[in-house]
Structure formats: C-alpha cells, structure tokens
Amino acid sequence: MGLPATGHDHPLFLGVGLLDRDVPPNLTLRFAEELAANGQDMTLKVYPGEDHGGTVLASLPDSTPFVMRELS
C-alpha cells in the first residue's frame with residue numbers, strides 16, 4: 001500500500017470491510033500484520049459484510065470512541 005509500517009507516534013485505527021473493492025481487504029490485513037510485527041499501537045476492526053463506503057459508517061461505533069480517547 002505504500003504506507004510505512006514503523007515510526008507512527010500515535011495509535012492507528014484500521015477498519016476493513018471484507019467486501020471492499022476500492023482497497024483490497026487482504027492489503028489492509030497484511031498492513032495490520034506488519035504494524036503489529038513492528039510493535040506499532042494499532043486497533044484493527046473487521047466488518048465482514050461491508051464495502052468501502054459501508055465500512056466508514058459501520059465503523060463509527062468503534063472509530064468515534066477511538067478518536068475521542070486520542071483527542072482527550
């Protein structure tokens with residue numbers, strides 16, 4: 001994906017919809033594995049029945065509290 005798997009100084013939230021045709025889910029899952037292998041603070045949430053746009057909406061119950069914790 002061209003994203004660095006090291007050097008992040010803030011926690012990351014990754015939400016992946018398994019029906020995503022814009023960003024293949026296997027690439028996001030592989031990136032999450034790389035982040036974890038490099039000790040990066042990362043939260044991964046999988047949304048099995050969602051495509052790219054649907055994942056954004058489905059993730060709100062998870063991503064909103066994540067962002068709120070990081071901003072407080």
Side-chain angles (χ1 to χ4, degrees):
M1 290 175 51
L3 300 171
T6 61
H8 300 281
D9 58 356
H10 296 286
L12 301 171
F13 180 92
L14 299 176
V16 59
L18 296 183
L19 301 180
D20 194 333
R21 294 190 184 258
D22 297 318
V23 179
N26 64 316
L27 294 181
T28 303
L29 296 172
R30 187 176 327 138
F31 182 54
E33 289 175 358
E34 291 174 13
L35 289 167
N38 286 303
Q40 297 294 287
D41 188 356
M42 175 267 310
T43 297
L44 172 67
K45 296 289 184 175
V46 178
Y47 304 95
E50 300 297 340
D51 62 10
H52 194 80
T55 297
V56 173
L57 295 176
S59 76
L60 289 177
D62 300 314
S63 60
T64 301
F66 176 89
V67 171
M68 296 306 292
R69 277 191 309 274
E70 294 309 310
L71 293 178
S72 60

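When a residue number appears, it is its place in the shown sequence, counting from 1.
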What residues join Leu60 in its hydrophobic cluster, counting side-chain heavy atom gaps under 4.5 Å, either direct or through other members?
Leu57

Between Thr64 and Pro61, is there a donor-acceptor pair closer than 3.5 Å when you use the side chain of the first and the backbone of the second?
no

To the nearest 0.5 Å, atom CE of Met42 lies from atom CD of Glu34 at 10.5 Å

Is there a side-chain contact between Leu14 and Leu35 (heavy atoms, below 4.5 Å)?
yes

Asp20 and side-chain contact (heavy atoms from CB on, under 4.5 Å): which single residue from Val16, Leu18, Asp22 fits?
Asp22

Can you pull the ring pair (Phe, Tyr, Trp, His ring centres under 6.0 Å) pairs that have at least one residue in residues 33-58, sequence neighbours excluded?
none

Contact check, side chains of Glu70 and Pro11, non-hydrogen atoms, under 4.5 Å
yes

Report the relative orientation of the aromatic rings in Phe66 and Phe13; use parallel for angles under 30°, tilted for 30 to 60°, perpendicular for over 60°.
tilted

Test side-chain contact (heavy atoms from CB on, under 4.5 Å) applied to Arg21 - qualifying residues, sequence neighbours left out
none

Closest heavy-atom pair and its distance - Gly17, Pro25
O-CG, 3.4 Å

In terms of heavy-atom contacts, Thr55 and Glu50 come closest through OG1-CB, 3.4 Å

